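Data block below; observations after.
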Amino acid sequence: MARVVVDVVMKPEILDPQGQAILNALGRLGVAGVSSVRQGKHFELEVDDSVDDGTLAHVADTLLANPVIEDFTIRR
Amino acid sequence: MARVVVDVVMKPEILDPQGQAILNALGRLGVAGVSSVRQGKHFELEVDDSVDDGTLAHVADTLLANPVIEDFTIRR
Amino acid sequence: MTFPGSLDDRDALRAVRLAGAEPVPLWHGEKWLSDVQAVVLPGGFSYGDYLRCGAIARFSPAMESIIDGANKGMPVLGICNGFQVLCEAHLLPGALIRNDHRKFVCRDQRLRIENVDTPWTSLYRPGEEILIPLKNGEGGYVADHRTLDELEGEGRVVARYLGDNPNGSYRDIAGISNKAGNVVGLMPHPEHAIEDLTGPSTDGLTFFASVLTSLVGQA
Amino acid sequence: MSEYVVDTIEAAAADPDAEQPFKQLGLAPEEYQRIKDILGRRPTGSELAMYSVMWSEHCSYKSSKVHLRQFGDKVPAAAKDILLVGMGENAGVVDVGQGLAVTFKIESHNHPSYVEPHQGAATGVGGIVRDILTMGARPVAVMDALRFGPADAPDTARVLPGVVAGVGGYGNCLGLPNIGGELSFDRSYLGNPLVNALCVGVLPADGIKLAKADGPGSHVVLFGARTGGDGIGGASVLASASFEAEGERKRPAVQVGDPFAEKVLIECCLEIFGADLVTGIQDLGAAGLSCATTELAAAGTGGMDVDLDRAPLRDETLVPEEILMSESQERMMAVVAPDKLEAFMAICAKWEVTATVIGTVTDTGRLVMRWHGETIVDVPPRTLAHEGPVYERPIRRPYDQDALNGEHGNGLPRPKNGEQLRATALKLVGSPNLADKSWVTDQYDRYVLGNTVLAQPEDSGMIRLVEAADGGRQLGIALAVDGNGRYTRLDPYAGAQLALAEAYRNVATTGARPLAVTNCLNFGSPEDPAVMWQFAEAVRGLADGCQQLGIPVTGGNVSFYNQTGTTAILPTPVIGVLGVIDDVERRTSQAFVGDGAQLYLLGDTADEFGGSEWADVAHGFLGGRPPKVDLAREQLLADILINASRDGLIDAAHDLSDGGLFQAVAESCLRGDAGVRLIVPEGIDPFVFLFAESAGRAVVAVPRSEEVRFTDMCTARGLPAQRIGVLDILESAIEVQGQFRIPLSELRVAWSRTLPELFG
Ligand SMILES: Nc1ncnc2c1ncn2[C@@H]1O[C@H](COP(=O)(O)OP(=O)(O)O)[C@@H](O)[C@H]1O
Ligand SMILES: [Mg+2]
């Protein structure tokens, strides 16, 4: 049994309204020095050792991320 | 300039309907061996070196996460 | 077609009925076999819109039949959540993301119908302006520039928002079609503009009347 | 670290004097003693948990019960025929004809919404929708009455957007149109916002479901979401009493709603009801399993055996005390006859709803629960569900009440000329309480289900119940919710009646006949005699008012302890009125349309500014007396409005309330995008004419062709109707002759920019 983390982020060319809103809020809060914020998704899966990397990639590629607009990384 | 990653996850005792829905979907897709899924948020910030850890923690605690229901981790 | 969490399914049935066709309720769990001639994927929050809108519904058994039918030319209309499902299923290009103002928005929206060559829009006049409800939280249409150029170049933008862009959709896109034109996705809700009593207009009925006419014409 | 040891009946007998944390659980020493007397021994930990939640203020209504009885005692004779289910069940049910019944109720979720606005409000909507579903009804619409601190307070910027997103997020995801509500601001709600949610549902008149466990041998089925450690703040003392220093046992501070789970639960239940598969059903809300099991058992054959360890858990570390107190959302409990269980389970499987048989109905008169074979609960269920403590709390008129009423504010400077009146008009329409609410309501789906005939900003929300083709009559219902904390502070008896009158008037204005009432009573601490006086007066006012108007109270909810420190909120009864309309095609909108239509002001206008918007906005002043209540006049006005609607005598109607005539005319003009020319009638001060808040009034637009018929009707019935102007589509302005003129474009900006500027 292991914990697998999948992080999904919008492709850089797609506008990220949520990240943009956070960036604006930082300005209002008076926090200086942050030049960009992107918001993505973070998944934590409890996975049996029998599940191989191929299966995980498949899950990330078809379900957890939408490859049309998103990229993902898997950490095992 | 450095990339800082903040991951925000629901506290373990709080219901995570999205994670649950994904887990059920995995079952229907015939993916075996995943026993739990939790969905959180993933932030990537471009941060000036002048921004210290205290500031980052403050940002995470007040803006990126809702500390009533979520925990966060910061990776610099 | 009803997925768990579909909401405007009854309204789609009503719209089909008022257009004079016979509505048939379909259930996501069944690879549908009945001989329907066109399908509406309704609005709503299938699977709660969890993960991404439409991301889970697109794996429903019935979607296999839909994809199959769509590839063979059957008219398919995805409204709102249905549009999201069609994008997730790659029957339509691009994706729909959270509104740029990050709030759900429900309002009466003016649109321009730009493509009247689809079975769903054939009875509109080219460039006709209509008023129908819009209600969504994740209605921002996005795609890469190449795709957008292609959509515009091939005349596949079915409808565009007029006035303020309500959700940040690229190039004010409200609806698109596939290459063949039989599959159409639309963010606003024509099925809620079919009666004076309940809608802002009856402009939406033409979508359903169009498809009926197209099908009758074929037969 | 000591192991948790489950407390059993045997253990309770063996160790009768064990100390128990009843105080931490909120039980008074006398209450604890009464439990011992009932059981003839000390309660087990599980029993103590159950009594503590069932005898809490929230579940037992121990401070309010003696007052609420009036609603039942004063049910108007005429209303008895339509009242299919009265107070006491999950929600009241009224007969609306054509074989249909309607159930509706309003409930508060104030405290959770302050802690976590989004989830607090969301679960508030979820809870009230389950109440309606439980009656056997399909929920068809929701409404929300919201109150916050000052609009420009920093904490309001935290709470309001979250609450609105929560109400919208949950309701939209359930596919329930939001057809109206309230939004207002006052300093007293800063540390204690009010989030009251209403749901209305429709069912066949012979399809009512009740919360009773009938028929020994029937199965008790728990279905829906799994049970987690939600909302069990209190129970943790029970668990920790034996857990000592274990730090691992984290329990959620707030509950997260799962609207998708609720949506499938609704569809699943409706399919089950349609197939007639349950004998009784109960939703799990406050007090969760404790409440559901005891109420079902108490109302039915009388007994129930439950194997608590069969309840599906989200968190396996939960102990029985916690399972019994858990308030996890999206759960239901059904009583199912043995021969129907298979069909029941099949429908649950279709909707992927987890369903588990956890017990059986018995005729022993005892509710018995086991945990891994050991008996942990053995109680007479009625003693929890119906025979809780009842208090006659001390009542005292607030010491400052006379002073408050005496400071009538007649000396406050008033606008004196056209220019000053114009400035006042613009300032009022843009004040947060009167400004355009679309920033809020645009986040709510009002179209879904395709039966919304009227929604915000109309005076009432209206839903079509029966679709008819080709001009057939389409039966519908209308609903409005209203409350006014300032009026109620000045005079709680009158304030409650004014809220009732306003909701009643709002329903009639759209053409529907008022039929029944629900209410949510938001007050401070019942232990404060001054608050208790406000409460008692408000209840008496409401009960008397309903009796006089001939419409029964069918249900509601009491929310006490709304205070910041020891300072209570303004006493805020929120009243919902349900009306019925034979044909929704005949409805009346507030939008001014129809060029040349004559404007009539119905009712009497007096120099009444106590508790008014003007006094608040212009002077921050609260004092004097609220507007006079005349319920006979309200009835007459309602009659005229309903008849005029039905007979097509009017093009538009809008009731007058906060902000007075100018506000109503402004809203109707902006809605219809039409200008008007107003004439201040002889003998009335223009300021009073434009801004007084006298009750029992409405403004109507009468087409010239119907003018004689309409005025004849008013004259014959004795309702004052004064011609005050004319609709002028080309003008695109409100012109008050001899005083001022405001172009609609300027008015629209002043009215609509306030909330977006505040909340983004
Ligand atoms: N929180 C809310 N949710 C839904 N509708 C609302 C809300 N607040 C106000 N509204 C709607 O906005 C309109 C104006 O509200 P209000 O001025 O309080 O009406 P009235 O004075 O007729 O009671 C009404 O249609 C009301 O239902
Ligand atoms: Mg009104």
Side-chain angles (χ1 to χ4, degrees), chain C residues 2-15 17-18 27-30 42-51 53 56-57 60 79-81 99 101-109 132-138 166-167 188-200 204, chain D residues 138 140 161 164-178 257-268 349-353 438-456 462-464 467-469 474 476 583-587 756 759-760:
Chain C
T2 300
F3 301 103
S6 289
L7 305 177
D8 304 282
D9 43 351
R10 276 182 215 95
D11 307 304
L13 292 171
R14 184 188 296 114
R17 175 164 53 76
L18 291 184
W27 177 244
H28 81 110
E30 287 150 26
F45 289 67
S46 62
Y47 293 95
D49 271 0
Y50 299 155
L51 184 58
C53 305
I56 299 181
S60 294
I79 303 169
C80 193
N81 192 233
N99 297 344
H101 48 77
R102 292 169 304 126
K103 296 192 299 282
F104 186 93
V105 60
C106 172
R107 71 181 206 193
D108 299 339
Q109 178 67 46
I132 66 179
L134 170 85
K135 52 190 188 80
N136 62 260
E138 309 201 5
N167 47 28
H189 289 262
E191 82 284 19
H192 285 295
I194 55 171
E195 292 178 280
D196 281 324
L197 186 68
T198 53
Chain D
R138 171 174 284 283
V140 293
V164 171
V167 169
Y170 207 100
N172 294 344
C173 189
L174 293 186
L176 295 178
N178 185 307
D258 182 350
F260 172 64
E262 179 124 325
K263 170 65 182 170
V264 287
L265 195 56
I266 291 172
E267 298 303 332
C268 175
K350 169 181 168 193
W351 288 98
E352 299 185 41
V353 167
S438 339
W439 187 90
V440 171
T441 56
D442 281 0
Q443 296 186 50
Y444 303 153
D445 184 348
R446 58 181 177 275
Y447 282 111
V448 68
L449 296 181
N451 288 316
T452 307
V453 178
L454 295 175
Q456 51 272 10
M462 189 177 286
I463 295 285
R464 169 175 64 184
E467 253 179 88
Q474 313 196 66
D583 186 359
V584 290
E585 289 281 0
R586 291 276 160 201
R587 83 232 177 256
F759 303 109

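Remember, it's a predicted structure, so these values are computed and weren't measured experimentally. Residue numbering restarts at 1 for every chain, and letters A, B, ... go by the order of the sequence lines.
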Taking all atoms of both residues into account, what is the closest heavy-atom pair of C:Gly48 and D:Cys173, and its distance? CA-SG, 4.0 Å
Apply the test side-chain contact (heavy atoms from CB on, under 4.5 Å) to residues D:Asn451 and C:Arg14: give CA-CA distance (whole Å), side-chain angles for both, the deciding distance (0.1 Å), then the verdict. CA-CA 11 Å; D:Asn451 288 316; C:Arg14 184 188 296 114; 3.5 Å; yes
Indicate the atoms forming the closest heavy-atom contact of C:Pro4 with D:Val264, along with that distance. CB-CG1, 4.0 Å
Salt-bridge criterion met for D:Asp442 and C:Arg107 (N-O under 4.0 Å): no
Residues C:His192 and D:Val448: closest non-hydrogen pair is CE1-CA, 3.7 Å
Assert top hit (heavy-atom pairs under 4.5 Å, partner chain C, pool D:Arg587, D:Lys263, D:Gln443) equals D:Gln443
Max heavy-atom pairs within cutoff under 4.5 Å with chain D, candidates C:Val105, C:Asp196, C:Leu18, goes to C:Val105
Heavy-atom distance under 4.5 Å to chain D: side chain of C:Arg17, backbone, both or neither? side chain
Where does D:Val164 contact chain C at under 4.5 Å (heavy atoms): side chain, backbone, both or neither? neither
Residue among D:Met462, D:Glu267, D:Arg446, D:Glu352 with most heavy-atom pairs under 4.5 Å to chain C: D:Arg446
Can you give me the closest heavy-atom contact between D:Tyr447 and C:Gly199, atom names plus distance? CE2-CA, 4.3 Å
Could you tell me the separation between the CD atom of D:Gln474 and the CD atom of C:Glu195, rounded to the nearest 0.5 Å? 7.0 Å
Over all heavy atoms of both residues, which pair between D:Leu449 and C:Asp11 is shortest? Give the atoms and the distance, please. C-OD1, 2.8 Å
Which residues share a ring-ring contact (aromatic ring centres under 6.0 Å, His included) with D:Phe260, sequence neighbours left out: C:Tyr47
For D:Asn172 and C:Leu7, the nearest pair of non-hydrogen atoms, with its separation, is O-CD1, 2.9 Å
Report the option among D:Asp445, D:Leu454, D:Thr452 that has the most heavy-atom pairs separated by less than 4.5 Å from atoms of chain C. D:Asp445
What residue, out of C:Cys106, C:Pro200, C:Ser46, has the most heavy-atom pairs lying under 4.5 Å from chain D? C:Cys106
What part of C:Glu191 gets closer than 4.5 Å to chain D, counting heavy atoms only: side chain, backbone, both or neither? neither
